[in-house]
Colleague: 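Dropping a structure here in structure tokens format, bear with me for questions.
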Amino acid sequence: MERSFSCCGCGHTIVFIDKQAPSAGKSQIGLTSELRQLMVLRQVPKKDWGLPSGRAIAFAHSLIVPAGKHVGKPLRLAKPQIEFIRDVYNPRDKDGQRKRRQAVFSVARRNGKTLLAAVIILLHLVGPFKKPNSVIASAATTRKQASIVYRFVARMVKMNVVLAKRLKVVDSTKHVTHRRDGSFYSAIAAEAGGQFGEGLDLVVYDELSQAKNALLYDVLMTSLGAQVEPLMMIISTQAPADDHILSELIDYGLKIRAGEIEDDTFTVHLYAAESGCKLLDEREWKKANPALGDYRDIGEFRAAMKRAEKVPSLENRLRNLYLNQRVQAKAPFLSPNVWVRGAKPTVEDLLYDGRPVYGGLDLSARTDLSAFVMAVEDDESNIHLVPRIWTPGDTLDERGLRDRAPYRVWADKGFLIPVPGQVLDYDFLAADVGELSSTIPFANVNYDMWRIDVLKQSFARLGVDVPLSPFGQGYKSMSPAIEAFEELAVQGKLFHGGHPVLRWCISNAVIDSDAAGNRKLTKAKSFGRIDAGVAAVMAVAACRLRTEAELDVANLVA
């Protein structure tokens, strides 16, 4: 099978000869002699020859820099840009389709972010990743920001003879259309309002950190949903706050990199100085500014940082924009290096050998996660946690996209229990708990009051008898429970077997404190779920704090 693309700088059509079907993670594409010459001419690293990244780099290096310090010169991608392109486009599934569906590239300002955004747009509009009749958008918070990316794209087209013949630039509407088919690119802004329909193939969101809310992001993600190989690219400096949508996405990507979450559809490349570094530490500058001394003028940078050291009111702004740091931070409940101490296999047989078993029950809205976590103590005083986590089965993919979590993967591996339907059937939950209680000697189950009345009705209807105790979610009840949970986790005596959903919920939780220093759990992010984490804390409290089971008067009435 032959594949071809145009190297637009010279107008040549280069043909790839597929020797065999592509396999996951590795291309099997052969190279013609003409293509080898092109790769050398365009200064493509040899390791990329024959890979999707090689085609992308060759195409990018046929373009002209449209603005800035190197305006009018042949474009040459920097090392971080090349690494990002490799990570996004090279991983493939068994059918040869691109695995990545979302990608974040975060770096300090003036490091070629807009240039990279324009290159990616052209790669999909007219380059090697073009599809017929594709719809591409660049998004930004303001009209001004949206126009910046558009101008880069338009100038690149106008400065290249071959591109100018194939693409029509319409400045009045900020559109670029392909003359041979229905493909087109447009720039959109959140402040402009309007409707953004379904069917987008590629979205490049420029400076998401400036967004006041996640509305446009969510709309665009929905618009990508129906496509075969959709791609959301986010190219931005970090947002100042932890609870911003961009911070949530970066944190999610970092958890994937750390092995805390499995999701090969998402990747993040973050270039940032270490938190709390000194303003004048030039080694830290380079971490956030890989283009320092190239695209980024080091003299201006040095002068700005010296001013910030003398004028404290400038510090946070420059830490954010120049060092790509967040300046508003929240403390996590447990750090990953503490949580991993309990990633030892749980012994579920302990649930059935006659020793007392305790539980924590946290119900959600019927469209989210609900969790029942069992806790049992072994002979060495270790606590083994065994979760049962339910979620509606018919909306796994939709909610996985919303929550940035691999629900489908977790369900397939048995870590989530998909309940048939679009909402949770509490009879299903009650029957599941009832089946467990028929063989497990529950001593006490702490529960959050939210929706418990509905579940109790299901228990009564199905004849399920479980010893229940209400457990408040405020500072008074949660503070000693958190302390007991933390102590076990720090000592490595809280065994959870690395359960990925429980780990995710724990990582989404932060501590909220009152004036007296009492603590409770709250969500760090708008999309993150903490239900299983809360259930686990209540289960440990039932086990270690020995709260009394609720006396159900109905059981005493003949």
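Heads up: numbering here begins at 1 and tracks the sequence.
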Colleague: State, yes or no, whether a side-chain contact exists between Trp410 and Pro500 at a heavy-atom distance under 4.5 Å.
Modeller: yes
Colleague: How many angstroms lie between OG in Ser370 and CG in Leu455, if you round to the nearest 0.5 Å?
Modeller: 8.5 Å
Colleague: Quick one: does His175's side chain have a donor or acceptor within less than 3.5 Å of a partner on Thr173's backbone?
Modeller: yes
Colleague: Hey, are the side chains of Arg100 and Met233 touching, using non-hydrogen atoms and a 4.5 Å cut-off?
Modeller: no
Colleague: Using a strict 4.0 Å threshold on nitrogen-to-oxygen distance, state whether Glu207 and Lys113 make a salt bridge.
Modeller: yes
Colleague: With a 4.5 Å limit on heavy-atom distance, are the side chains of Asn324 and Leu270 in contact?
Modeller: yes
Colleague: May I ask you to decide whether Lys131 forms a salt bridge with Asp201, counting only side-chain N to carboxylate O separations under 4.0 Å?
Modeller: no
Colleague: Is Arg519 salt-bridged to Asp512, going by a charged N under 4.0 Å from an acidic O?
Modeller: no
Colleague: Quick one: does any side-chain atom of His384 pair with a main-chain N or O of Val347 as donor and acceptor, under 3.5 Å?
Modeller: yes
Colleague: Backbone N or O of Trp504 within a donor-acceptor pair of the Ser507 side chain at under 3.5 Å?
Modeller: yes
Colleague: Please find the pair of heavy atoms, one from Ala443 and one from Tyr358, that lie closest to each other, and give the distance.
Modeller: CB-CE2, 3.6 Å
Colleague: Any salt bridge between Arg544 and Glu487, counting N to O under 4.0 Å?
Modeller: no
Colleague: When you measure from the side chain of Lys255 to the backbone N and O of Ile250, does any donor-acceptor pair fall under 3.5 Å?
Modeller: no
Colleague: Please check if the side chain of Asp448 supplies one atom and the backbone of Asp362 the other of a donor-acceptor pair under 3.5 Å.
Modeller: no
Colleague: Fit a plane to each ring of Tyr185 and Tyr150, take the angle between them on a 0 to 90° scale, and name the class: parallel (under 30°), tilted (30 to 60°) or perpendicular (over 60°).
Modeller: parallel
Colleague: Could you go through Val386 and Val373, starting from their C-alpha distance and side-chain angles, then the distance that decides it, and tell me whether this counts as side-chain contact (heavy atoms from CB on, under 4.5 Å)?
Modeller: CA-CA 6 Å; Val386 182; Val373 177; over 6 Å; no
Colleague: Could you walk me through whether Lys130 and His178 pass the side-chain contact (heavy atoms from CB on, under 4.5 Å) test, one step at a time?
Modeller: CA-CA 10 Å; Lys130 171 181 169 46; His178 199 288; 3.6 Å; yes
Colleague: To the nearest 0.5 Å, what is the distance between CD1 on Ile389 and CD1 on Ile417?
Modeller: 8.0 Å
Colleague: Between atom CG of Leu334 and atom CZ of Arg341, what is the distance when rounded to the nearest 0.5 Å?
Modeller: 10.0 Å
Colleague: Locate the shortest heavy-atom distance separating Val534 from Leu521; write the atom from each residue and the value.
Modeller: CG2-CD1, 4.2 Å
Colleague: Are any non-hydrogen side-chain atoms of Leu202 and Ile120 less than 4.5 angstrom apart?
Modeller: yes
Colleague: So how far is it from Tyr205 OH to Ile234 CD1, rounded to the nearest 0.5 Å?
Modeller: 8.5 Å
Colleague: Should the ring pair Phe266 and Tyr252 be called parallel, tilted or perpendicular, given that the plane angle runs from 0 to 90° and is split at 30 and 60?
Modeller: perpendicular
Colleague: Do Leu494 and Leu385 touch side chain to side chain, with heavy atoms closer than 4.5 Å?
Modeller: yes
Colleague: Measure the CG-CG distance between Asn446 and Leu361 for me, rounded to the nearest 0.5 Å.
Modeller: 10.0 Å
Colleague: What class does the angle between the rings of Tyr89 and Phe129 fall in, given that below 30° is parallel, 30 to 60° is tilted and above 60° is perpendicular?
Modeller: parallel
Colleague: Could you check whether any side-chain N or O of Thr395 sits under 3.5 Å from a backbone N or O of Glu398, counting only pairs where one atom can act as donor and the other as acceptor?
Modeller: no
Colleague: Please report the closest heavy-atom contact between Ala239 and Ser247, naming both atoms and the distance.
Modeller: CB-OG, 3.9 Å
Colleague: So that I can tick it off, tell me whether Asp397 and Arg408 are bridged by a salt bridge, with the cut-off set at under 4.0 angstrom between side-chain N and carboxylate O.
Modeller: yes
Colleague: Before we go on, tell me: are the rings of Phe372 and Phe442 under 6.0 Å apart, centre to centre?
Modeller: yes
Colleague: Is the closest side-chain donor-acceptor distance between Asn382 and Glu377 under 3.5 Å?
Modeller: no
Colleague: For the pair Asp263 and Arg101, find out whether any cationic side-chain nitrogen is under 4.0 Å from an anionic carboxylate oxygen.
Modeller: no
Colleague: Is there a side-chain contact between Ile440 and Met374 in this structure, where contact means two heavy atoms from C-beta onward sitting under 4.5 Å apart?
Modeller: yes
Colleague: Looking at Arg326 and Asp251, does any basic side-chain N land under 4.0 Å from a carboxylate oxygen?
Modeller: yes
Colleague: Indicate yes or no: does Asp531 engage Arg529 in a salt bridge with an N to O separation below 4.0 Å.
Modeller: no
Colleague: If every non-hydrogen atom of Ser209 is compared with every non-hydrogen atom of Thr237, which pair is closest and at what distance?
Modeller: CB-O, 3.1 Å
Colleague: Do you know the tightest heavy-atom contact between Met232 and Leu220?
Modeller: CE-CB, 3.9 Å
Colleague: With a 3.5 Å distance limit and no angle check, can you tell me whether Gln473 reaches the backbone of Phe471 through a side-chain donor-acceptor pair?
Modeller: yes
Colleague: Start with the C-alpha distance between Ser53 and Asn90, add both sets of side-chain angles, then the distance that settles side-chain hydrogen bond (donor to acceptor under 3.5 Å, both in side chains), and finish with yes or no.
Modeller: CA-CA 6 Å; Ser53 57; Asn90 285 349; 3.1 Å; yes
Colleague: A side-chain contact here means heavy atoms from C-beta on lying under 4.5 Å apart; do Tyr447 and Pro470 qualify?
Modeller: yes
Colleague: If we only count heavy atoms from C-beta on, is the Arg86 to Pro52 side-chain gap below 4.5 Å?
Modeller: no
Colleague: Under the side-chain contact (heavy atoms from CB on, under 4.5 Å) rule, what do Leu350 and Val357 come out as? Steps first, then yes or no, please.
Modeller: CA-CA 9 Å; Leu350 295 173; Val357 177; over 6 Å; no
Colleague: Determine, stepwise, if the pair Val376 / Tyr352 fulfils side-chain contact (heavy atoms from CB on, under 4.5 Å).
Modeller: CA-CA 10 Å; Val376 61; Tyr352 306 99; over 6 Å; no
Colleague: Is it true that atom CD of Glu483 has more than 12 heavy atoms of other residues, nucleotides or ligands lying nearer than 6.0 Å?
Modeller: no
Colleague: Should the heavy atoms of other residues, nucleotides or ligands under 6.0 Å from CD of Gln97 be counted, would the total exceed 12?
Modeller: yes
Colleague: If you measure from CD1 on Ile530 to OG on Ser364, what distance do you get to the nearest 0.5 Å?
Modeller: 11.5 Å
Colleague: Quick check: closest heavy atoms across His244 and Ala211, and the distance to 0.1 Å?
Modeller: NE2-O, 2.8 Å
Colleague: Return the orientation label for the Phe485 and Trp339 ring planes: parallel under 30°, perpendicular over 60°, tilted otherwise.
Modeller: parallel
